[in-house]
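In what follows, a single structure is set out as structure tokens and then discussed.
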Amino acid sequence: MPHQIVIDTMVLQKANALLTREPRAARRFARRVRLLQEIQQGRWIVLYSDKLLAEYLRQVPSPRNDFVKTFLAIISNRAMGMTQKNWPRWPGGLQERMRNCRYPSHDKHVLRTAYTEGTRSTLVSEEQAILSSRNCILRVFDVAIRDI
């Protein structure tokens, strides 16, 4: 079974560029595109929530390449077997633990979408504040945070 993943909106925004030629393999842009390709190929199950979907659509209103366009179609149409809606209960104790991990409060909805009790998921981000909290978030929430 494919692993569950959440994509931070910043990653999607930075992947939303016109493609005039094949991106160089070592570039961060190429890694973003490769991740979106892996999602299209069914290697990941994308966790989403209504809040995160609304943020994607607000921050990327005009997809500029087929990879971003397909990702948004997969999420918006809730493609069978490729997505899973996830908005778990979020008791106050978890919010306090998130703050103790120094996870940015403005991105709480991203972590909450990635949080699955009993199953490790992966959150992909390029935001330094999120990345710097990765060890604590893994220990407390069992969510692996990785850079693109």
Side-chain angles (χ1 to χ4, degrees), residues 1-17 23 26-65 67-148:
M1 183 172 148
H3 192 69
Q4 298 171 323
I5 193 168
V6 172
I7 307 298
D8 184 21
T9 307
M10 181 183 288
V11 173
L12 198 59
Q13 284 178 304
K14 290 182 176 185
N16 193 35
R27 304 278 182 173
R28 292 180 73 77
F29 180 76
R31 292 196 301 260
R32 292 180 198 112
V33 167
R34 194 167 33 258
L35 177 63
L36 295 177
Q37 286 175 315
E38 290 173 0
I39 289 167
Q40 292 171 18
Q41 294 164 355
R43 294 185 187 168
W44 298 95
I45 294 174
V46 180
L47 297 175
Y48 72 94
S49 63
D50 291 336
K51 284 190 177 220
L52 191 55
L53 175 58
E55 183 175 275
Y56 288 157
L57 297 175
R58 187 174 56 253
Q59 297 296 327
V60 186
S62 301
R64 300 178 75 194
N65 63 56
F67 301 106
V68 173
K69 191 178 298 182
T70 301
F71 176 82
L72 291 173
I74 288 169
I75 297 295
S76 297
N77 297 324
R78 293 155 174 84
M80 293 287 287
M82 299 178 82
T83 64
Q84 181 179 331
K85 189 170 185 174
N86 192 49
W87 192 251
R89 283 185 341 97
W90 193 258
L94 288 180
Q95 186 152 326
E96 181 64 29
R97 294 167 88 182
M98 179 193 76
R99 277 194 295 271
N100 290 342
C101 286
R102 297 178 186 236
Y103 186 89
S105 60
H106 68 273
D107 279 327
K108 175 179 112 175
H109 63 290
V110 180
L111 179 60
R112 185 172 176 181
T113 302
Y115 176 65
T116 56
E117 288 185 275
T119 307
R120 179 170 293 170
S121 64
T122 299
L123 189 164
V124 179
S125 181
E126 295 184 57
E127 188 176 334
Q128 192 54 47
I130 292 176
L131 295 172
S132 65
S133 70
R134 76 174 94 197
N135 293 334
C136 183
I137 293 296
L138 179 61
R139 192 172 51 256
V140 173
F141 293 89
D142 203 22
V143 172
I145 296 176
R146 72 168 229 216
D147 196 348
I148 190 64

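One-based numbering along the sequence shown.
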**Study point:** Asn65 side chain vs Val68 backbone, donor-acceptor pair below 3.5 Å
**Key:** yes

Check your understanding: Any side-chain donor paired with an acceptor under 3.5 Å for Gln59 and Thr9?
Key -> no

Exercise for review: Give the C-alpha distance, both sets of side-chain angles, the deciding distance and a yes or no for side-chain contact (heavy atoms from CB on, under 4.5 Å) between Ile130 and Leu111.
Suggested key: CA-CA 9 Å; Ile130 292 176; Leu111 179 60; over 6 Å; no

Point to revise | Verdict with supporting geometry, Leu12 and Leu36, side-chain contact (heavy atoms from CB on, under 4.5 Å) | key: CA-CA 9 Å; Leu12 198 59; Leu36 295 177; 4.2 Å; yes

Exercise for review: Would you check if the side chain of Arg134 reaches a backbone N or O of Ala144 as a donor-acceptor pair within less than 3.5 Å?
Suggested key: no

Review point. Got a donor-acceptor contact below 3.5 angstrom from the Asp8 side chain to the Leu123 backbone?
Key: no

Review point. What do the steps show when you test Arg78 against Asp50 for salt bridge (Lys or Arg N to Asp or Glu O under 4.0 Å), and what is the final call?
Key: CA-CA 11 Å; Arg78 293 155 174 84; Asp50 291 336; 3.6 Å; yes

**Study point:** Worked check of side-chain contact (heavy atoms from CB on, under 4.5 Å) between Glu126 and Arg32
**Key:** CA-CA 10 Å; Glu126 295 184 57; Arg32 292 180 198 112; 2.6 Å; yes

Point to revise | Phe29 versus Lys14, closest heavy-atom pair with distance | key: CD1-O, 3.5 Å

Practice item. Examine distances only and state if a side-chain atom of Ser121 and a backbone atom of Ala114 form a donor-acceptor pair shorter than 3.5 Å. Key: yes

Review point. Run the salt bridge (Lys or Arg N to Asp or Glu O under 4.0 Å) check on Asp147 and Arg28 step by step: do they pass?
Key: CA-CA 10 Å; Asp147 196 348; Arg28 292 180 73 77; 2.6 Å; yes

Check your understanding: Taking everything shown except Glu117 itself, do over 12 heavy atoms lie less than 6.0 Å from its CD?
Key -> no

Check your understanding: With ring centroids as reference points, do Tyr103 and Phe141 lie under 6.0 angstrom apart?
Key -> no

Check your understanding: Between the side chain of Asp142 and the main-chain N/O of Thr116, is any donor-acceptor distance below 3.5 Å?
Key -> no

Point to revise | CZ/Arg102: more than 12 non-hydrogen atoms of other groups inside 6.0 Å | key: no

